[in-house]
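Reviewing the structure listed below.
Protein chains get the first letters and strands the later ones, always in sequence-line order, with residue 1 at the start of each. Just so it is clear, the structure is predicted and the values come from calculations on it, not from any experiment.
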Number of protein chains: 2
Amino acid sequence: MAALSRKERERLRRQELILDVAEETINKHGFDGATMDEVAEKAEVAKGTLYIHFESKAHIYLAISERGSRKLNDQMAKVLTKDLSGLKMVENLGATYLNFIKENPQYYHAFNYYEGVVAETKSDPGGIMMKCKENAKEAMTYIVRALQIGMQDGSIDYSYDPKELGLIIWGASKGIINMVFLKQNSSEFELLNEVEFDLESIMQNFIHLVGTGLIKK
Amino acid sequence: MAALSRKERERLRRQELILDVAEETINKHGFDGATMDEVAEKAEVAKGTLYIHFESKAHIYLAISERGSRKLNDQMAKVLTKDLSGLKMVENLGATYLNFIKENPQYYHAFNYYEGVVAETKSDPGGIMMKCKENAKEAMTYIVRALQIGMQDGSIDYSYDPKELGLIIWGASKGIINMVFLKQNSSEFELLNEVEFDLESIMQNFIHLVGTGLIKK
DNA sequence: TTCAAAAAATGACTGATAGTCAATATGGCG
DNA sequence: CGCCATATTGACTATCAGTCATTTTTTGAA
């Protein structure tokens, strides 16, 4: 890949700076509560400069989602290089996602924002929506590959279609994690108020459930 | 329950009318694209009247979410009265949810909106947030009750904690459905572009998966 | 080194829209 | 019938995303 000119590097550096500041501001105030005036002030640029580098406020948030999904994918890729059974790989990928959003709740929210707007977005200046889609696709590819490895090494039932199973496992994991996040981040939102749930143990039970099944033995 | 005065009935009727119009407008344009000016015009009231009946635009959307979750709960309650095994009840509840959001995509979006704001909402004028929470709790109660029935009639493994299992089943179902909705409603968002997924068959596979397990027999 | 063109940056300004409020209209009760 | 409470109105305000004419900076050729 040809080296970028100094000017191009400067431009990208400026964009990363703006994203850093925007990420902090949105993490602190929420997307609606964060203003472009505040982002500009903290980035020490004029507000018009934000629009030189990004199409819109929404575009900035999608760029944040993209960088989060890229970081997540990097961590998921590492799991695939480990010497593990397919089943263990799938478990590890789930744990990787869980740890990632625990450590980076700002990306969790940005992912949700992306999912909320992706269906209704018609145009895609700068291709940021396309990059987000590619990152989502790549994450799914890691899941499917781990399932295929498991089907080959005998740790996973190969009567399932790996792609469909991948969608089920990935979707189910995200749904459960989302539900527990709702519970934890809403002091009054006690779905089942007698028992304190730990997400780790819930995911363990989910893994156990899909591993061995629900029907009584 | 004491009969409401005619004035009180009139007030509630006016509120339902506004919600009907707001629901249509938001369904057509999305939450951000729908304006209070348009809602007022279509409801044939002045804009100030909307704020007599509702705290804010967000409050209206939460009221829409509440009415959707109330309708869903009514349908879920009916499942619990059927003469079915616990396992079949759980399957039926899942199918009920799936059919409900297929027929009422506007409520699907309203539920997502509610989930997105519930964690950061501090005050709750009119108690609409509380009502939404109660409805969510009630839905969970139906799931847990069906699981308990299944554990009693032998159709479900009783080594699981029914409340935790309820969270897993409900969260997983919503996550999978969400993922398939993303796929279907985004013409370019082809997660796995070779295979066309049908949500019905995916849910069937999910049910089969949690029923019999993933580990190779 | 200078100059012209391109690129980047600026921040006052515009437009859109949620939400407000003083004035008016309507309803209910004594 | 009159007074008070309640409901309604729609012009107006406040906020904030996004724009744009102008200025500054950077780049490259002569």
Along DNA chain D (nearest heavy atom to each residue), the more 5'-positioned of Gly33(A) and Glu55(A) = Gly33(A)

Mutual orientation of the aromatic rings belonging to Tyr108(B) and Phe181(B) [parallel < 30°, tilted 30-60°, perpendicular > 60°] = tilted

So does [X] get a side-chain nitrogen or oxygen closer than 4.0 Å to the phosphate oxygens (OP1/OP2) of [N]?
X	N	value
His53(A)	dA9(C)	yes
Thr49(A)	dA8(C)	no
Arg11(B)	dA7(D)	yes
Arg14(B)	dT8(D)	yes

Do the side chains of Thr25(B) and Thr35(B) get nearer than 4.5 Å, heavy atoms only?
-> no

Evaluate the side-chain proximity of Tyr114(B) to Leu62(B): yes if any heavy-atom separation is below 4.5 Å, no if none is.
-> yes

Assign His59(B) to base, sugar-phosphate, or nothing according to its heavy-atom contacts below 4.0 angstrom with the strands shown.
-> nothing

Identify whether any heavy atom of Ala58(B) sits under 4.0 Å from a base atom; if not, whether one sits that close to sugar-phosphate; answer base, sugar-phosphate or nothing.
-> nothing

Protein and nucleotides 26-28 of chain C: nitrogen or oxygen contacts under 3.5 angstrom:
unit_1: dG28(C); atom_1: OP1; unit_2: Arg6(B); atom_2: NH2; d: 3.4

Taking all non-hydrogen atoms of both residues, which atom of Ser65(A) and which atom of Ala110(A) are closest, and how far apart?
-> OG-O, 3.5 Å

Rounded to whole Å, how long is the line connecting atom [atom1] of [X] with atom [atom2] of [N]?
X	N	atom1	atom2	result
Tyr61(B)	dA18(C)	OH	P	14 Å
Ile26(B)	dA18(C)	CD1	C1'	13 Å
Leu50(A)	dA8(C)	CG	P	15 Å
Glu41(A)	dC16(D)	CD	P	13 Å
Asp32(A)	dC16(D)	CG	P	11 Å
Asp37(B)	dT20(C)	CG	P	15 Å
Glu8(A)	dT26(D)	CD	C1'	14 Å
Ile52(A)	dA6(C)	CD1	P	16 Å

How would you list, by chain and number, every residue that makes a salt bridge (charged side-chain N to carboxylate O under 4.0 Å, His left out) with Arg67(A), sequence neighbours excluded?
-> Glu16(A), Asp20(A), Glu23(A)

[options]: which one has an atom nearest the side-chain heavy atoms of [X]?
X	options	answer
Lys47(A)	dT10(C), dA12(C), dT9(D)	dA12(C)
Thr35(B)	dC13(C), dA18(C), dT9(D)	dA18(C)
Met36(B)	dT10(C), dA18(C), dA9(C)	dA18(C)
Tyr51(A)	dT8(D), dG19(C), dA17(D)	dA17(D)

Let me see the working for Leu19(A) and Ile64(A) under side chain to side chain contact (heavy atoms under 4.5 Å, CB included), right down to the final yes or no.
-> CA-CA 7 Å; Leu19(A) 285 181; Ile64(A) 291 169; 4.0 Å; yes

Looking only at atom types and distance, does a side-chain atom of Lys28(B) sit under 3.5 Å from a main-chain N or O of Ala34(B), one as donor and one as acceptor?
-> no

Under-3.5 Å donor-acceptor pair between Lys57(A) side chain and dG18(D) base | no

Where do Lys174(A) and Glu115(A) land on the salt bridge (charged side-chain N to carboxylate O under 4.0 Å, His left out) test, with the steps shown first?
-> CA-CA 12 Å; Lys174(A) 291 170 97 178; Glu115(A) 289 183 3; 3.1 Å; yes

